Amino acid sequence: NINITIGLMQKLVPNNGDAWEYFLKELYVIFKSIDDKNIACEDLPDINIFERRKIVDLPPKIVDWVGLNLLNKVELLAKRTAEMHIALGSEFADTAFTPTHFNGDYAVWLKNRLTYQFQNRLNLTENNLHKLEGYALQLAKEFLEKKNEIRKRLVNFDWTKLKGERIRIHGDYHLGQILVQEDDFCILDFEGEPESTIRDLAGLFRSFHYAIYTTIFSHQNEYKQEQEALFKYAELLYKYLVAVFLETYRAVTQENNLSIGYTNERIFLLKYCLLEKAIYELGYELNSRPKWTIIPLKG
């Protein structure tokens with residue numbers, strides 16, 4: 001009894017391009033406004049990474065700088081992402097989609113995979129230091145200096161403290177997999193695997209980070225400030241986009257009884273998966289765009 005797929009029907013989704021292009025256009029304006037409105041980074045209130053914030057509770061200076069348009073879009077994207085996970089985690093008839101808990105087998109598989117990948121990236125970084133200069137070289141040396149600390153973080157995955165459930169996810173979730181439909185979003189290209197829900201969020205947050213830094217790299221000659229000065233704005237902006245996203249995502253998943261663990265558990269998983277994503281990205285950038293290694297290294 002073998003199941004073989006011989007055909008696939010797909011639906012045409014009318015769209016206005018993908019979310020990556022949409023975000024790049026918005027971010028270009030946000031960075032341009034630093035010069036136009038003469039915004040000093042030290043005047044912008046800071047926030048801790050993974051803090052959750054409603055748009056109405058954001059500092060007025062941040063809203064004035066970023067603009068309500070992009071903030072509302074991030075909130076909507078969080079809602080759609082949560083709805084995707086609720087749909088994927090609410091199937092109990094098909095056992096392949098039944099939510100499951102973290103266990104020892106999963107932890108062993110995860111640690112083996114990530115420590116192998118990490119060692120590969122360490123070797124790659126050491127062998128490619130000669131390609132790097134300036135800030136990228138400084139960050140790469142810091143990465144190598146902290147290798148034991150990073151390895152320890154990867155190995156210290158204690159599944160026994162995780163109460164949330166693992167569900168099916170998108171698996172390759174980033175801004176390029178999301179289409180813009182007038183004032184809404186449509187998620188496509190589902191090629192996932194059974195993983196932690198949070199892993200999709202890590203993919204999307206790394207995509208936010210990439211979009212922000214890509215904007216700086218692509219338009220450097222149009223902005224008055226030096227690149228490293230703009231990186232400070234970049235990190236601040238990233239933290240606020242994540243804060244708005246997490247607040248809505250948590251609210252929607254909680255309302256629909258999707259079990260994704262307590263706050264500390266969610267933050268632990270997010271940090272873990274973001275570290276994994278950044279390590280993975282480092283290999284790509286070292287091989288193809290050495291100057292861009294700043295992005296995963298900052299991550």
Side-chain angles (χ1 to χ4, degrees), residues 5 8-13 15-23 50 73-92 94-102 106 109-110 113-114 117 162 164-181 184-211 238 241-242 244-261 265-281 284 296 299:
T5 303
L8 174 70
M9 185 177 283
Q10 292 187 316
K11 179 182 173 184
L12 176 68
V13 181
N15 66 85
N16 314 103
D18 63 32
W20 172 258
E21 292 300 329
Y22 176 85
F23 266 69
F50 308 131
K73 283 291 188 287
V74 169
E75 189 175 75
L76 178 62
L77 193 50
K79 186 170 186 285
R80 295 290 176 253
T81 304
E83 288 166 349
M84 168 178 72
H85 287 151
I86 290 156
L88 289 171
S90 58
E91 175 59 72
F92 292 92
D94 183 348
T95 55
F97 279 80
T98 305
T100 182
H101 286 282
F102 290 94
Y106 173 78
W109 169 82
L110 186 70
R113 194 173 70 94
L114 297 196
Q117 188 182 75
L162 302 175
E165 292 176 325
R166 288 169 56 220
I167 64 163
R168 290 274 178 178
I169 58 164
H170 183 284
D172 186 22
Y173 198 44
H174 56 80
L175 291 169
Q177 306 280 38
I178 302 161
L179 293 182
V180 178
Q181 288 183 297
D184 213 331
F185 295 109
C186 177
I187 302 164
L188 63 155
D189 285 353
F190 285 76
E191 294 154 9
E193 53 182 339
E195 291 295 2
S196 152
T197 332
I198 302 289
R199 192 164 296 228
D200 273 351
L201 300 202
L204 194 58
F205 291 170
R206 292 299 307 136
S207 202
F208 285 173
H209 204 238
Y210 256 82
Y238 172 67
L241 296 187
V242 166
V244 169
F245 188 100
L246 283 177
E247 172 56 34
T248 300
Y249 181 84
R250 184 202 59 86
V252 176
T253 49
Q254 207 162 48
E255 281 163 23
N256 289 272
N257 300 317
L258 185 65
S259 174
I260 57 171
E265 182 176 336
R266 291 197 298 269
I267 290 175
F268 167 76
L269 284 170
L270 254 179
K271 281 183 176 176
Y272 196 91
C273 294
L274 282 163
L275 181 62
E276 175 202 348
K277 291 275 181 193
I279 290 167
Y280 169 78
E281 293 158 5
Y284 178 83

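Computation of the quantities below employed the complete heavy-atom set of this structure, encompassing side-chain atoms and omitting hydrogens, waters and symmetry-equivalent molecules. Because the structure is predicted, anything quoted here is derived from the model rather than measured. For this chain, numbers begin at 1 and follow the sequence in order.
- In this structure the side chain of Leu188 reaches within 4.5 angstrom of the side chain of Leu179, judged on heavy atoms.
- Atom OH of Tyr280 sits in a sparse spot, with 12 or fewer heavy atoms from other residues, nucleotides or ligands closer than 6.0 Å.
- Judged by distance alone, with hydrogens and angles left aside, the side-chain atoms of Thr248 form no donor-acceptor pair with the main-chain N or O of Ala78 at under 3.5 Å.
- Put simply, the side chain of Glu281 does not reach to within 4.5 Å of the side chain of Ile279, judged on heavy atoms.
- For the pair Arg168 and Phe97, the distance from NZ or CZ to the six-membered ring centre is under 6.0 Å and the angle to the ring normal is within 45 degrees.
- Without hydrogens or angle criteria, Thr253 side chain to Tyr249 main chain gives a donor-acceptor distance under 3.5 Å.
- Using a 4.0 Å cut-off between charged side-chain N and carboxylate O, Glu83 and Lys79 make a salt bridge.
- Using a 4.5 Å cut-off on side-chain heavy atoms (C-beta onward), Phe205 and Asp200 make no contact.
- Between Glu276 and Arg113, the shortest heavy-atom distance links the atoms OE2-NH2, 2.9 Å.
- A donor-acceptor pair is defined here as one N or O able to donate and one able to accept, closer than 3.5 Å; such a pair exists between the side chain of Ser90 and the backbone of Ala87.
- Of the possible donor and acceptor atoms, one in the side chain of Asn256 sits under 3.5 Å from a partner among the backbone N and O of Val252.
- With a 4.5 Å cut-off on side-chain heavy atoms, Tyr173 and Thr81 count as touching.
- Inspection of the Gln177 and Asp172 side chains reveals an N or O donor paired with an N or O acceptor under 3.5 Å.
- Contact record, Phe50 with Leu246: CA-CD1, 3.8 Å, taken as the closest heavy-atom pair.
- Ring planes of Tyr106 and Trp109: tilted class, angle from 30 to 60°.
- A donor-acceptor pair shorter than 3.5 Å cannot be found between the side chains of Tyr210 and His174.
- Contact check for Glu165 versus His101: side-chain heavy atoms found under the 4.5 Å cut-off.
- Checked options His85, Arg206, Arg266; the residue passing with Leu201 is His85 (criterion: side chain to side chain contact (heavy atoms under 4.5 Å, CB included)).
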